[in-house]
Visitor: 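What follows is a single structure, and I will ask about it in a moment.
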Amino acid sequence: MRNKEVSQKFYELASLAELAGENPFKVNAYVKAARAIEYLPTPIEDLARENRLTEIKGIGSGIAKKIVQYLETGKIEKLEEFKKKVPPSLLEMEKISGIGPKGAYALYKHLGITTVEELKEAALNGKIRSLPGFGAKKEENILKAIQGLRKKKVEKRVSIGIGLPLAEAIVEFLKKNSPIEKIQVCGSIRRMKEKIGDIDILATSEKPEEVMARFIEVPMIKDIVVKGETKTSILTNEGLQVDLRVVEPSSFGAAIQYFTGSKQHNIKLRELAIKSGYKINEYGVFEVKTERKIGGEKEEDVYNALGLPWIPPEMREDRGEVEAAMTNDLPNLVELFDIKGDIHMHTTYSDGANTLEEMVKRAMELGYEYIVVSDHAKALGVASGLTLDEYKRQKREIDELNEKFGDKIRIFFGAELNILSDGRVDFPEEELEIFDICLAGIHTALTQPMKKIMERLKKAMRIKKIKIIAHPTGRVIGEREGYEVDLEELLEEAKNTGTILEINANPKRLDLNDMNAMHAKKTYGLKFVIGTDAHSREGLDDMKYGIGVARRAWLTRADIINTLPLKEFEKFIREE
DNA sequence: GCCGTTTTCGGCCCGACTGTTTTCAGTCG
């Protein structure tokens, strides 16, 4: 599947075209095409072969030709032309806050600047201030930016696992200490993106000035970026920007909709609005002719004005959700309370921080009907994993606890096996019979070539007792890409063997990710489990992140095995 | 360059902010 690669080429084409001053609508057409390819569930090369490229929305004859040309020759003529016109290194300069395509091109044309290094030199020598459209202030800002003081937001994204708790803590602080009425976290956190660039919080209040004054007293503040009457931005100790805006109650819903995004989703809505004679902005929905406001107090108003049902935030990425809403085909997304049990966790038997009983008690507090305890197995060289004897000891404690808690919760005896470098797992297949269910995952020999990795995964999936592949691609966000995996082959084999793929809810993993899970359902009809992989009591609370991924993948309750009530989950375990 | 239950030509999201200007272009989200 070369979708990502082809999509990247069109993003590049768009950026260079923009630099070269190409018609902005044409540039946008390239971006739209790049996005369409990026989110395409099927391999673009298949569509190209079948001459069906123009069936994709946003791809017409011109771009289709370029795709074919790229697939056949590895080059796009138009892209090469642009590269001759403008040095591609100018794109690096656009990463500096305050410099866009026009600025980068002007710097190149008038001063011959092509790199950030040359830009710094020119700024230090005071050469930039004399350029038309530039001035002393801009020159100063450029220098600041280069010295890392004003990076663009995309450059410093953090995990949702950091962003969400931080946002919640700030909301709690404001609720307690300032005169707010309503408050809502928006932006990419509300959409549950795996990485977020900033925190957007909206509130209503009779006394906005006082809210602003209290906001800058929040304990995790490092710096104030701007402080106004209704909008204040701060920098937290983690270097994350938090924007707080206070809006009129009559615009609260429209503002929530606007600041939740995504940008592409909002553009889609506004295009739709125009066609129906409406205008949408952060203040509300307006009839163009009369300028009459027809809604905005509630978020639903914005969607309902366009004849659409409310769309869940996790879906708002312009991946077809607006079209689905138009035909009333929005899926009924899985919810946190649909989850009846956690199927992936560790205890002090292996490398967990809490005892078996402590984990069970927390699971009961969460209202689960059952859990699968899945401590690591002792493969050669794997630290703190269990031997078969140790597992048997754990089994006895599980039996005791099942006895003790009766029908309050059911504890299943599981294991997270290691898929070893030769595709075997820790124990021979017949020894696995003692377990109720096994997960298996790759934890070692991550750097093997793809062919070898796939052999290992497939071998494991064919073992009957192994019903779940844990964290299927092995990525750890911000640390490593994951091992080389042929996703199509993996999904195909999962389908053939009836293996369930995990959506690992640990915010550092979130693996499968939203795009892959969506594809796995759409193209292969696969089912999933969501497991926290908890190594402590608190880890069990990560389920919400897995739910976020599932909802971003458009999954419903029926797609997730651990939404099944106990009886049916048990049946699933017993199935051959 | 794409697209069409007002269309095959003439549109293509919207507003705020900044820094440069004297009415606005560029950038950003």
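Within every chain, numbering begins at 1; the chains are lettered A, B, ... in the order of the sequence lines, protein sequences first and strands thereafter.
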Visitor: Does a side-chain N or O from A:K263 land closer than 4.0 Å to OP1 or OP2 of B:dC28, or not?
Guide: no
Visitor: Suppose you measure atom C1' in B:dC3 against the same atom in B:dT7; what distance do you get, rounded to whole Å?
Guide: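 Per the computed distance, 9 Å lies between those C1' atoms.
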Visitor: For B:dC12, does OP1 or OP2 lie under 4.0 Å from any side-chain N or O of A:N28?
Guide: no
Visitor: Of all the nucleotides listed (B:dC2, B:dC14, B:dG1), which has the minimum atom distance to the side chain of A:S61?
Guide: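 Nucleotide nearest to A:S61's side chain: B:dC2.
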Visitor: Regarding A:Y283, tell me which of base, sugar-phosphate or nothing describes its non-hydrogen contacts under 4.0 Å with the strands shown.
Guide: sugar-phosphate
Visitor: Could you classify B:dT21 for me, syn or anti, using a glycosidic angle within 90° of 0 as syn?
Guide: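 With its glycosidic angle more than 90° from zero, B:dT21 counts as anti.
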Visitor: Would you indicate what A:P101 reaches in the nucleic acid, counting non-hydrogen atoms under 4.0 angstrom: base, sugar-phosphate, or nothing?
Guide: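 Sugar-phosphate: the residue A:P101, judged by heavy atoms under 4.0 Å, touches backbone atoms but no base.
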Visitor: Rounded to whole angstrom, note down the P distance from B:dG11 over to B:dT18.
Guide: 33 Å
Visitor: Roughly how far apart, to the nearest Å, are B:dT21 and B:dA16 at atom P?
Guide: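 Roughly 24 Å separates the two P atoms.
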Visitor: Rounded to whole angstrom units, what separation is found between the CD atom of A:E18 and the P atom of B:dG1?
Guide: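 Atom-to-atom, A:E18 to B:dG1, this comes out as 16 Å.
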Visitor: Nearest to the side chain of A:Y258, which nucleotide is it out of B:dG29, B:dT20, B:dG15?
Guide: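 Selected nucleotide (nearest to the side chain): B:dG29.
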Visitor: By the 4.0 Å heavy-atom rule, please label A:I280 as base, sugar-phosphate, or nothing.
Guide: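 Sugar-phosphate only.
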Visitor: Which whole-number value in Å describes the distance from A:E55 CD to B:dC3 P?
Guide: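 Checked: the CD to P distance equals 12 Å.
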Visitor: With the threshold set at 4.0 Å, does a side-chain nitrogen-carboxylate oxygen contact exist between A:K137 and A:E140?
Guide: no
Visitor: Any side-chain donor-acceptor pair under 3.5 Å between A:Q257 and A:Y303?
Guide: yes
Visitor: When the P atoms of B:dT8 and B:dG4 are compared, how many Å lie between them, rounded to an integer?
Guide: 13 Å
Visitor: With a 3.5 Å cut-off and no angle check, do the side chains of A:Y39 and A:E317 form a donor-acceptor pair?
Guide: no
Visitor: What is the nucleic acid contact for A:G187, judged by heavy atoms within less than 4.0 Å: base, sugar-phosphate only, or nothing?
Guide: nothing
Visitor: Would you kindly give the CG-to-C1' distance between A:N23 and B:dG10, to the nearest whole Å?
Guide: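 For the pair A:N23 CG and B:dG10 C1', the rounded distance is 12 Å.
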Visitor: Ignoring hydrogens and angles, does a donor from either the side chain of A:Y105 or the base of B:dG26 sit under 3.5 Å from an acceptor on the other?
Guide: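 It does not, because no donor-acceptor pair links the side chain of A:Y105 to the base of B:dG26 below 3.5 Å.
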Visitor: Could you state the atom-to-atom distance from CZ of A:F134 to C1' of B:dG26 in whole Å?
Guide: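 For the pair A:F134 CZ and B:dG26 C1', the rounded distance is 10 Å.
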Visitor: Could you go through A:E248 and A:Y283, starting from their C-alpha distance and side-chain angles, then the distance that decides it, and tell me whether this counts as side-chain hydrogen bond (donor to acceptor under 3.5 Å, both in side chains)?
Guide: CA-CA 9 Å; A:E248 290 286 317; A:Y283 303 108; over 6 Å; no
Visitor: Would you indicate which nucleotide in B:dC14, B:dG4, B:dG1 comes nearest to any side-chain atom of A:K57?
Guide: B:dG4
Visitor: What distance, rounded to whole Å, do you find between the two P atoms, one in B:dC2 and one in B:dT6?
Guide: 23 Å
Visitor: Charged N to carboxylate O below 4.0 Å: is that the case for A:D542 and A:R509?
Guide: no
Visitor: Which comes earlier along DNA chain B counting from the 5' end, the contact point of A:G133 or that of A:N281, where each point is its nearest nucleotide?
Guide: A:N281
Visitor: For A:Y11 and A:E38, what are the C-alpha separation, side-chain angles and deciding distance, and is it a side-chain hydrogen bond (donor to acceptor under 3.5 Å, both in side chains)?
Guide: CA-CA 10 Å; A:Y11 280 124; A:E38 185 177 8; 2.5 Å; yes
Visitor: Could you tell me how far apart A:K26 (NZ) and B:dC3 (P) are, to the nearest whole angstrom?
Guide: 15 Å
Visitor: Does A:K279 put a side-chain nitrogen or oxygen below 4.0 Å from OP1 or OP2 of B:dG15?
Guide: yes
Visitor: Contact class for A:K32 vs. all strands (heavy atom < 4.0 Å): base, sugar-phosphate, or nothing?
Guide: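 Here A:K32 touches no strand at all.
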Visitor: Looking for any heavy atom pair under 4.0 Å, which part of the strands does A:A14 touch: base, sugar-phosphate only, or nothing?
Guide: nothing
Visitor: Expressed as a whole number of Å, how far does the C1' atom of B:dC14 sit from that of B:dT20?
Guide: 22 Å
Visitor: Which base, if any, makes a Watson-Crick or G-U wobble pair with B:dT8, both distances under 3.5 Å?
Guide: none
Visitor: Given B:dG19, B:dC12, B:dC14, which nucleotide is nearest the side-chain atoms of A:K137?
Guide: B:dG19
Visitor: Hey, which of these two, A:G62 or A:I274, hits DNA chain B nearer its 5' end, going by closest nucleotide?
Guide: A:G62
Visitor: Which nucleotide wins on minimum distance to the side chain of A:I63, given the candidates B:dC2, B:dC14, B:dT27?
Guide: B:dC2
Visitor: Side chain of A:A29: nearest nucleotide among B:dG29, B:dG19, B:dC2?
Guide: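 Given the options B:dG29, B:dG19, B:dC2, the side chain of A:A29 is closest to B:dC2.
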Visitor: Can you measure A:E271 atom CD to B:dC14 atom C1' for me and round it to whole angstrom units?
Guide: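 After rounding, the reported distance stands at 12 Å.
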Visitor: For the pair made of CD1 in A:I142 and C1' in B:dT27, what is the distance, rounded to whole Å?
Guide: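 That distance rounds to 13 Å.
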Visitor: Checking contacts here: which listed nucleotide (B:dT20, B:dT27, B:dC14) is nearest the side-chain heavy atoms of A:K102?
Guide: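 Taking heavy atoms from C-beta onward, the closest nucleotide is B:dT27.
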Visitor: What is the distance from CZ of A:F286 to P of B:dG15, rounded to the nearest Å?
Guide: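 The answer, rounded to whole Å, is 9 Å.
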Visitor: Can you find a side-chain donor-acceptor pair between A:E488 and A:Y524 that sits under 3.5 Å?
Guide: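 The answer is yes; a qualifying pair exists.
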Visitor: What contact category does A:K66 fall into here, base, sugar-phosphate, or nothing, at under 4.0 angstrom with non-hydrogen atoms?
Guide: sugar-phosphate
Visitor: Could you work out which one of B:dG19, B:dA16, B:dG1 sits closest to the side chain of A:K78?
Guide: B:dG1
Visitor: Using a strict cut-off of less than 4.0 Å between a Lys/Arg side-chain nitrogen and an Asp/Glu carboxylate oxygen, indicate whether A:R214 and A:E210 qualify as a salt bridge.
Guide: yes
Visitor: Indicate, with a heavy-atom threshold strictly under 4.0 Å, whether A:I267 touches base, sugar-phosphate, or nothing.
Guide: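 Touches a base.
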Visitor: Ignoring the backbone of A:F25, work out which of B:dG29, B:dG1, B:dG19 is nearest its side chain.
Guide: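 Taking heavy atoms from C-beta onward, the closest nucleotide is B:dG1.
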